[in-house]
Each structure stands twice: as structure tokens, then as C-alpha cells.
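What follows is a short report on a single structure.
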Amino acid sequence: DRASMSSPPGPADSAQPKTPGLLPNHIEDLRRSGLTDATVESWGCFSIGPQNTVLLKPFAKGVTVPGLALPILAPGSLETIGFAYKPDDPRKLEKGGRIRICKYELPRRGLNRIHVPRAAQYLFRPPDGREGPMRLVITEGQKKAEKAAQEGIGCIAVFGVWSWFDNFGGQSVPIEQ
């Protein structure tokens, strides 16, 4: 029933997934982030496995299944514009003797996006003159934004710092404001 789906996840919830399309380890991952099943269902997260691996075609070579798809919602829209992907076994990139683990993946050559949870879309409605001041919180990471919105905080997410760099002559530098 709906009432149990909106309560915080507990031990009993762990045994009975209410979120179709998600593997048990992905449900547990989202619950560890403090997300209720109702938030996860509204957001539309899903698992990618051998049956739908074609969805990873726009992503870099070496991105593997299974993994968790985190839909991206643009400002003012309830339709997804793609998804970020969290593989169960993330790629490792080595450059200059340093190893970087790619915990989250975005499609190659994709644009930088912001994610606005459904519960925070009100921030982007046209003003009608009756609303008071609104506070906007910006965080790094979709799960954090979803958790904040679940708790009634108007929050949007930007993707990791590696998404906001330009590359000039092999050197990464921050994008100018």
C-alpha cells in the first residue's frame, strides 16, 4: 500500500522490494542514501542488465552491466532526458600513474546537465505573483538532490567536478564562469 511506500526504509522493507525493474543490490544502494521506495518509484530508477544492455551504447567502451540507471530530469520537465549510470563494477582509468574510479558514467560527448527532482520542479514554474521567496540548494549528485527534495528542500543536482572541466592541450582546467 501507498502508506508503507512513503515511510523510511526499514528491515521489513529490505525483504520485499516494491520497486519493479530494480535488482535487490540497487534497491539497497538507494535505500542507503535515505531514499524511500516512493521516491525511487517516482524518480524512475531502473537496473540495466544483459536484457537491456543496448541502453549503454552511447556510453564509453568498457562500461559494463549490471548497473543502476539514474534518470535525469531537466528544469521544468517531468520527462527524463537520459540517465546517469552507476555500474556495479566501475571502470578504472589510469593516467600519469594515478587511478581514477568512474563511479558514475554519462554518455560520451553529452552535454552537462542539471537534475531537478520531481518534488523540486515547482522551483521552475512560471511565477504567478503569489509565491514568497524561495530557497534553492545546489548539490553534487542526483541521489543527494532526491533525498533533499524528499525532505521538502528545493534542491537540484549538478554532476561531478570532472563534468565541469575543459581540456586544453591535454590539461584540464575549470570552465570559466
Side-chain angles (χ1 to χ4, degrees), residues 1-49 52 55-56 59 63 65-88 90 101-107 110-128 130-164:
D1 72 88
R2 273 279 198 230
S4 66
M5 288 179 64
S6 61
S7 62
D13 288 333
S14 300
Q16 302 271 334
K18 298 178 187 83
T19 48
L22 283 167
L23 294 172
N25 61 312
H26 297 154
I27 294 168
E28 189 57 35
D29 178 315
L30 294 163
R31 287 178 176 166
R32 276 193 313 270
S33 295
L35 300 176
T36 63
D37 288 348
T39 297
V40 171
E41 183 180 351
S42 172
W43 186 9
C45 299
F46 59 97
S47 294
I48 296 182
N52 56 355
L55 296 173
L56 295 179
F59 291 79
V63 174
V65 295
L68 175 60
L70 304 171
I72 302 169
L73 297 161
S77 175
L78 297 178
E79 298 298 319
T80 62
I81 56 170
F83 62 89
Y85 181 64
K86 183 180 182 190
D88 290 0
I101 297 173
C102 303
K103 292 194 307 185
Y104 294 90
E105 300 272 0
L106 293 169
L111 299 173
N112 284 334
R113 302 279 187 192
I114 63 170
H115 169 72
V116 182
R118 292 183 197 285
Q121 288 287 337
Y122 70 90
L123 294 165
F124 297 94
R125 288 190 197 124
D128 65 5
R130 294 180 294 168
E131 60 281 312
M134 290 190 270
R135 178 170 292 164
L136 171 66
V137 176
I138 303 171
T139 189
E140 178 187 1
Q142 292 169 281
K143 291 192 287 185
K144 291 177 199 162
E146 288 287 340
K147 172 63 175 164
Q150 172 184 290
E151 302 303 323
I153 299 167
C155 187
I156 65 172
V158 296
F159 290 94
V161 294
W162 292 103
S163 297
W164 301 96

Run the side chain to side chain contact (heavy atoms under 4.5 Å, CB included) check on Leu55 and Phe46 step by step: do they pass?
CA-CA 12 Å; Leu55 296 173; Phe46 59 97; 3.7 Å; yes
[X] side-chain N/O to [Y] backbone N/O, donor-acceptor pair under 3.5 Å:
| X | Y | result |
| --- | --- | --- |
| Ser77 | Glu79 | yes |
| Gln121 | Val116 | yes |
| Tyr104 | Ala84 | no |

To the nearest 0.5 Å, tell me how far [X] [atom1] sits from [Y] [atom2].
| X | Y | atom1 | atom2 | value |
| --- | --- | --- | --- | --- |
| Ile114 | Phe124 | CD1 | CZ | 5.0 Å |
| Asp37 | Ile27 | CG | CD1 | 7.0 Å |
| Glu41 | Leu30 | CD | CG | 13.0 Å |
| Asn112 | Leu106 | CG | CG | 8.0 Å |
| Thr80 | Leu70 | OG1 | CG | 12.0 Å |
| Cys102 | Lys86 | SG | NZ | 13.5 Å |

[X] and [Y]: which non-hydrogen atoms are nearest, and at how many Å?
| X | Y | value |
| --- | --- | --- |
| Phe159 | Arg113 | CD1-O, 3.2 Å |
| Met134 | Leu123 | SD-CD2, 4.0 Å |
| His26 | Ser47 | ND1-OG, 2.6 Å |
| Ala69 | Phe83 | CB-CD1, 3.6 Å |
| Ala74 | Ile81 | CB-CD1, 3.8 Å |
| Arg118 | Trp43 | NH2-O, 4.1 Å |

Close side-chain approach of Asp29 to Lys143, heavy-atom, < 4.5 Å
yes
Do Leu23 and Leu68 have side chains that approach each other closer than 4.5 Å (heavy atoms only, starting at C-beta)?
no
Got more than 12 heavy atoms from elsewhere within 6.0 Å of CD, Glu131?
yes
Show me the donor-acceptor pairs within less than 3.5 Å that the side chains of residues 145-156 make with the rest of the protein, sequence neighbours left out.
from   : atom 1 : to     : atom 2 : distance (Å)
Glu146 : OE2    : His115 : NE2    : 2.7
Lys147 : NZ     : Gly34  : O      : 3.4
Lys147 : NZ     : Glu151 : OE2    : 2.8
Gln150 : OE1    : Thr36  : N      : 3.0
Gln150 : OE1    : Thr36  : OG1    : 3.4
Gln150 : OE1    : Thr39  : OG1    : 2.7
Gln150 : NE2    : Gly34  : O      : 2.9

